[in-house]
Amino acid sequence: MNAGLEGVVAVRTVLSMVDGQEGRLIVRGAPIEQLSGIVSFEEMASRLWQDLSPEVETPEGVAAALGRARGEVFARLQGVLPLAKDLPYFEGLVMALSSLARGGDPTHYHVAAALPVALAGLSRLKRGLAPVAPDPALGHAADVLRMLRGERAGCDDEQALDAYLVTVAEHGMNASTFTARVIASTRAGLLASVTGALGALKGPLHGGAPGPVLDMLDAIATPDRITPWLTEALASGERLMGFGHRIYRVRDPRADVLKQAVTRLRQLGNARLRFAEQVEREALALLARHKPDRPLQTNVEFYTALLLEAIGLERELFTPVFAVGRVLGWTAHVFEQERTGRIIRPESEYIGPNASALPV
Ligand code: ACO
């Protein structure tokens with residue numbers, strides 16, 4: 001029995017290596033520090049999809065195909081978005097994605113384009129505003145912000161979002177990617193696999209953590225309350241959001257690259273960043289005392305929260321925006337699973353009534 005499949009290697013992948021002891025993330029040969037803030041979302045997509053998808057994935061080709069797909073899915077989603085606007089974001093996204101099944105399984109470009117187009121459209125409808133049509137000529141990250149705001153964002157915000165989407169695009173056999181691979185292993189197709197992955201991402205132990213990170217900072221409110229607040233939270237059995245990881249035993253390297261991206265953003269006041277750093281330092285000290293045998297370090301979600309807040313996104317959008325980046329990894333893993341994998345089917349140990357009975 002291995003609860004949580006910890007330490008179990010179930011697939012071989014060319015996509016990424018998560019080195020938990022050294023705190024390294026390598027994506028198709030390159031450390032994340034050489035990708036985040038350096039390559040664009042489209043270049044990252046090309047890196048992840050190449051030799052796995054049915055297309056030749058040059059960065060220029062990906063940019064053109066994604067731009068075209070944003071326009072096409074915008075037209076296709078016009079009927080469904082008003083029906084989905086009163087649902088929570090995740091359920092609204094699932095509804096929008098599922099509607100793409102009309103006419104057969106969509107391409108990976110359409111799936112990757114549908115998430116931000118639906119997200120921006122839903123966000124605007126919830127605010128009583130009309131969805132804004134995509135601009136195929138823009139980069140993906142710039143267009144996501146433009147569709148949300150109704151006008152071009154500044155260069156700093158666009159670059160920060162691009163860096164974020166690249167940073168979270170791919171990360172080994174995390175819960176949502178594993179879900180996508182399990183579904184793909186049954187040959188259910190791209191849309192079913194990504195829809196399932198979305199469900200797994202939603203939970204607060206996986207992609208749902210960044211909103212609660214800000215809730216925590218707000219609840220702490222002032223430096224003098226940091227230690228008592230965190231001590232009380234741990235004493236009452238709460239988990240501190242933005243800390244701990246299944247694989248990393250040292251600091252999550254994505255936390256550092258996102259912290260750098262946040263530090264470059266002028267609109268995040270120094271006071272907010274300094275306060276967050278104080279909370280981080282104290283949380284790490286208390287966690288070390290709370291769980292001396294389990295190294296609990298800062299994970300990607302802590303600085304994600306600060307970055308997405310600084311570029312003006314509302315908290316409910318944080319986890320769906322994570323999906324806008326992670327869809328690259330999900331789709332690449334689906335292609336890889338379909339090419340190389342077996343059906344994923346672990347076993348369970350029966351502990352119910354008559355557990356010792358021999359099979360007849
Ligand atoms: N705060 C307090 N205690 C913690 C935390 C935390 N953030 N993380 C783990 N622990 C404790 C657990 O309660 C557990 O204690 P126990 O043995 O007394 O039950 C012990 O440390 C070991 O924890 P596990 O649950 O075995 O750790 P696991 O590897 O399964 O979980 C996880 C990893 C889910 C990320 C966990 O650290 C957590 O819940 N963190 C907070 C939520 C979070 O930040 N999620 C985002 C993760 S990054 C991502 O998915 C993109």
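Since we're looking at a predicted model, the values are computed, not measured. No hydrogens, no waters, no symmetry mates; every other heavy atom, side chains included, goes into these values. As the structure lists them, so they are numbered: ligands from 1, and atoms in each ligand from 1.
Interatomic distance, I183 CD1 to W330 CH2, rounded to the nearest 0.5 Å: 10.5 Å. Distance check, rounded to the nearest 0.5 Å: NZ of K259 to CG of L273 gives 6.5 Å.
Each of R146, R152, R149 was evaluated against D157; a single residue qualifies, R149, per the salt bridge (charged side-chain N to carboxylate O under 4.0 Å, His left out) test.
Of all atoms in ligand 1, listed by their number and element, those nearer than 4.0 Å to a heavy atom of F322 are 51 (C). Near A209, meaning under 4.0 Å from any of its heavy atoms, are these atoms of ligand 1: 43 (C), 44 (O), 45 (N), 46 (C). Close contacts between ligand 1 and G242 involve ligand atoms 43 (C), 44 (O) [criterion: under 4.0 Å to a heavy atom]. Short contacts between ligand 1 and L287, defined as distances under 4.0 Å to a heavy atom of the residue, involve ligand atoms 1 (N), 2 (C). Near V300, meaning under 4.0 Å from one of its heavy atoms, ligand 1 places the atoms 51 (C). When each atom of ligand 1 is checked for a heavy atom of R246 under 4.0 Å away, the hits are 28 (P), 29 (O), 30 (O), 33 (C). Residue-ligand proximity, M241 to ligand 1, at heavy-atom distances under 4.0 Å covers atoms 42 (C), 44 (O). Counting atoms of ligand 1 from 1 in the listed order, those under 4.0 Å from a heavy atom of L234 are 2 (C).
At least one donor-acceptor pair under 3.5 Å links the side chain of T331 to the backbone N or O of V327.
F302 and F243 have tilted rings, their planes meeting at an angle from 30° to 60° on a 0 to 90° scale. Ring geometry, H171 versus Y248: the interplanar angle falls from 30° to 60°, so the pair is classed tilted.
Checking only distances, R239 does come within under 3.5 Å of ligand 1, N or O to N or O. For the pair R294 and ligand 1, the shortest N or O to N or O distance falls below 3.5 Å. Geometrically, ligand 1 and H290 share no nitrogen or oxygen pair separated by less than 3.5 Å.
Residue N299 places a heavy atom less than 4.0 Å from ligand 1. Using 4.0 Å as the threshold, G237 has no heavy atom nearer than that to any atom of ligand 1.
Protein heavy atom closest to atom 6 (C) of ligand 1, with residue, atom name and distance, is L240 N, 3.5 Å. Looking at atom 41 (C) of ligand 1, its nearest protein heavy atom turns out to be F243 O, 3.4 Å. In this structure, atom 50 (O) of ligand 1 lies nearest to the protein heavy atom H206 ND1, 2.8 Å. When hydrogens are left out, the protein atom nearest atom 11 (C) of ligand 1 is K291 CE, 3.9 Å; that is the closest non-hydrogen contact. Looking only at protein heavy atoms, the nearest one to atom 35 (C) of ligand 1 is G244 O, 3.7 Å.
Here A175 has no heavy atoms under 4.0 Å from ligand 1, in either its backbone or its side chain. Residue-level proximity to ligand 1 for L205 is carried by backbone and side chain together, each with a heavy atom below 4.0 angstrom. The part of L296 lying near ligand 1 is the side chain, judged by heavy-atom distances below 4.0 Å.
Between R251 and E280, at least one side-chain nitrogen of the basic residue sits less than 4.0 Å from a carboxylate oxygen of the acidic one, meeting the salt-bridge criterion. A salt bridge links E277 with R274: the distance from a Lys NZ or Arg NE/NH1/NH2 to an Asp or Glu carboxylate oxygen falls below 4.0 Å. The residues E316 and K126 are annotated as not salt-bridged, no charged nitrogen and carboxylate oxygen being separated by less than 4.0 angstrom.
Side-chain contact check for L191 versus P106: some heavy-atom pair is nearer than 4.5 Å. For the pair H333/M173, a side-chain contact is recorded, criterion being any heavy-atom separation below 4.5 Å from C-beta on.
The 12-atom threshold is exceeded at CZ of R127, counting heavy atoms of other residues, nucleotides or ligands nearer than 6.0 Å.
For atom 19 (O) of ligand 1, the nearest protein heavy atom lies 4.0 Å away or farther.
Taking hydrophobic clusters as Ile, Leu, Val, Met, Phe, Trp and Tyr residues chained together by side-chain heavy-atom distances below 4.5 Å, L119 does not share a cluster with L138.
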